[in-house]
Amino acid sequence: MSQSPIRLAVFLFLSCFYMEIVFKLSVETLHNGSSFVFLALFSLCVGLVVSGIISLLPKKAVQILIPFYLGFLFLIFVVEFLVYRQFKVAYDINTILNAATDALGGFGADIRRLIFCFDGISHITLFLLPLILWFVLRERIIGQLPKKDIWRGRTRWDVYFSLAHLAGGVFCYGAALFLILCCGLHKDIYTNQYNFEAAVMEFGLGEGLCLDIRNLASSKTSAPVFESMEVEFVQGTAGTSLDDPLAGKKMETGTPFKSTKTAQEGEPVTPVVYGQSVASVDFAALAAAGGNCADIDAYVSTLTPSNQNAYTGAFEGKNLILICAEAFSGFLIDQELTPTLYRLSTKGINFNDYYQQSIAGTTGGEYQLLFGLIPTSGGSSIKEITQNGTHTNIGALLNDKGYFGMAFHNSTYTYYDRHETHTKLGYSGGYMGVGNGLEELISPKWPASDLELMQATLPMYIDKQPFDVYYMTVSGHSVYTFGNNDMSRENRDAVDAWCAKNNLSYTEPVCAYIAANLELEKAVDYLVETLEEKGIADDTVICIAPDHFPYGLDSDASLGNMPYLSELYGYPVNTYEERDRSRAIIWCGALEDNEPIIVDTPASSVDILPTLCNLFGVEWDSRLYVGRDVLSDALPLVFFGNYDWKTDLGHYSASKNIFTPTDENAVIPEDYIKQISSMVRNKMTFSKSVLSYDYYTHVYDVPSESE
C-alpha cells in the first residue's frame, strides 16, 4: 500500500493549520486557548477529506489540483488579512464582494501601501510558504501515486485507505461539533448568535466562511425564528417590565424646549397622557393572514411601542442637516481646539454614553444611521434595502411632509454603489458626489475638504425651506500622516500649536488624525455661522454621528494591541465596547435657550433615527426599528455584532458569558441576562428578516386602517 495518501493528508492538514495559525496570530491579540483546538480539528478535517478525494486521482491530476487548492487558500487568507489590516474587522463574503471593485479603484494607494511594506510582504510570504513547499516536496509527497489511471496500479486497500481518510475527516468534523454543541464550547456563536468575526476568531477563517455561506443560504430559505419572552419582569427596578422599562433609565433634562402652560398656584395639575409611537398597521391581523412574513408580523405584534413624550414633535417643521462623519470620534472634541463641535455636543442633546458599532465599515455605519438597523448583510445591506425603495428612513419620512431634500458625498459618487442606493433615500433633489457634478465645485484633494463641501452645497438648499440634507463626509479618512493626507497637512499648524500650548505629546498618527478632523470642525463652524447669519439657526437641526471608529490609526493592530487608538481615547482598548465608544450630536439653535438635555444611558447609532423620528413628529412605528427614541421610555440597550450588550445596569460579554454590573450594589433581577440576551437575538433576527423578506415593503404596501 502506497504511503503517498498519508503524506498528502499530513501536508494538506499542516498547510491549512499553518495558514489558520498565521492568520490568527496576525489579527488577534487576546487569544482563547480552545480556539486552537477547533483550528486543529477543522484543519485536520480539510486535510483528510481533500487528500481522500485527490489521492484517488492520477498523479498528473494531483499535480495540477493541489497548486490550485493551495493558491485558493492563499488568496482567501491574504485578502482577509489585508482587510483586517485596513478595517480592523473581519469582513464577511457580502461585504468583500460589495467593496472589492470600489477598493481596487478608489483606494489603490491604500492597498499598495498595505502590500508593499514589511508587514505586508512578510505575511504574504508566510501565506505563500505551503505553495512553495509543494513545488519543492511534491515528488516526495505523491511520488508513488499512479501516473495515468484512477484504478490501475491501486489495490483495494488503497481505495479503502482513501475512504478511511474521508471517514477520518468526518470524524474530526463531528468531534469539533461535539465540543461546540454538546459541551457548550461557543455553542451560541455557532448557532443562534452567529457573527462572522466571532466565528473566524473562534473556529478559524475556513469554518467561518463555511458558516457565512450557510447563513447566507438559510437567510433566503429558512423562516425567521424569534424567541419568546418567558419572564416579563427583567428591568433593574422592581415592578418594571420589558413593556415598561423606564425605571432604569437615568435621563436628565432641562425644561422641554416646547412652550408649555405653567399651572397657577393652587390650580390642580393634570398629568399629561402621551400616545404611543405607532403606525396604523394591525400586525396581528397581518400575521393571521399568513404569507412569507407572518412570523415577522407575529413578532412585531408582540412588541410594546415606546411612548411619545414631552419632546415629541419638538422639531416639527424645522430643517435637518444629517452628517455621517468619516472616522469621527468624540474623543477629539475639545473646547479650545474644536469649539463649534464642543458647543453643539454640550448645548443640545448630550450623549454621554454613545457607541458606534463597527460591523461593515463606512457603508455599515451609514446603514445603521439611515435605517436604525444592524447591517446583517454586511456591505450589501443598503443595496438590499433600497431595491424596492425606502419607507422608514428620515429622508423618505420628511419627503412625505413636503421637505426639499438632497444627499451629498465629497468622494467618488459611485463608491459602494451610492449612485444607485442614495438616489432612493427619499431626497427629492437627488444625490451629488464627485463624478456627477461636485468635482466642479471642490478641489481635487485627498481626502477632500468637508469645508469646501459645505461651502459648495449650502447655497443649493438654504433658501428651499423646510429642507432635509444628508452628508457623508470624507475629510477624516485615513491614512493619518502629514505626508500623505492633504487635510492633516492643511491643519497641522493648528494642532501643533494646541499641543504645544497644552503640553501634549501625541504621536504623529494621532496628531495627523486630529488635524484631518479639524476640517470637519471648520465645516460645521461654517454651517452654524451661515445659519445664524441667515436667521434660521433656531429652525435648523444639525445631527452628527460617526460611521465607524478610527480604524486607520493602527496599521497592524487588533483588540488589545491598538496603541494609537488607545492614545487618542486615553485608555487601553481591549473590547468592542471600549473600541466603539464615541459621541453623537443633535443640536438646534433653539436648544441653547434652555439647559442641555443629557442622556446618560447607553445609546448607539441605531438610536439616532428613532430619536429624530420622534423629534420631527413624523408618523413612525417604534416597533419597526431595533434602536430606540432615547427621549422615550424604551429600554436603554446597546448591542454589538458579536452579541455583547450594555444596558443601564451593566455590560454583558456573550463570548465569556460574564455580566459586569454598573453598580456592584445593584440588585440584578432574576433571569435578567437571559431575557436581555434573548431580546438582542430577536433584534438581530429582525434586522436580518427586514432584508431577507423585504419586510418594510410588505408593511407599507398594506393599506392603513384610515384608508
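The first residue of the sequence shown is numbered 1, and numbering continues consecutively from there.
Ring pair Y569/F331: centre-to-centre distance below 6.0 Å. Aromatic ring centroids of F13 and F17 lie under 6.0 Å apart. F127 and F74 have their aromatic ring centers separated by at least 6.0 angstrom. Aromatic ring centres of Y652 and F659 lie farther apart than the 6.0 Å criterion allows. Remark: aromatic rings of F87 and Y91 are close, center separation under 6.0 Å.
D119 CG: more than 12 foreign heavy atoms inside a 6.0 Å radius. Counting non-hydrogen atoms of other residues, nucleotides and ligands closer than 6.0 Å to NZ of K24 gives a total above 12. Under a cut-off of 6.0 angstrom, the local environment of OH in Y190 is crowded, with over 12 non-hydrogen atoms contributed by other residues, nucleotides or ligands. For F72, the CZ atom sits in a loose shell: 12 or fewer heavy atoms of surrounding residues, nucleotides or ligands are nearer than 6.0 Å.
The side-chain heavy atoms of S15 and L70, taken from C-beta on, include a pair separated by under 4.5 Å. Within the 4.5 Å cutoff, side-chain heavy atoms of K88 are placed close to those of D554.
Counted by atom type alone, R681 and Q193 present one or more donor-acceptor pairs between their side chains at under 3.5 Å.
Here K646 pairs with D353, E577 under the salt bridge (charged side-chain N to carboxylate O under 4.0 Å, His left out) rule; sequence neighbours left out.
In this structure, I382 CD1 and L370 CG are separated by 6.0 Å, a value rounded to the nearest 0.5 Å.
The shortest heavy-atom contact between F686 and Y625 is CE2-N, 4.5 Å.
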Side-chain donor-acceptor pairs under 3.5 Å in residues 128-137, sequence neighbours left out?
none

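With H123 as reference, F81 is the one residue of F81, F118, F77, F23 to meet the ring pair (Phe, Tyr, Trp, His ring centres under 6.0 Å) rule.
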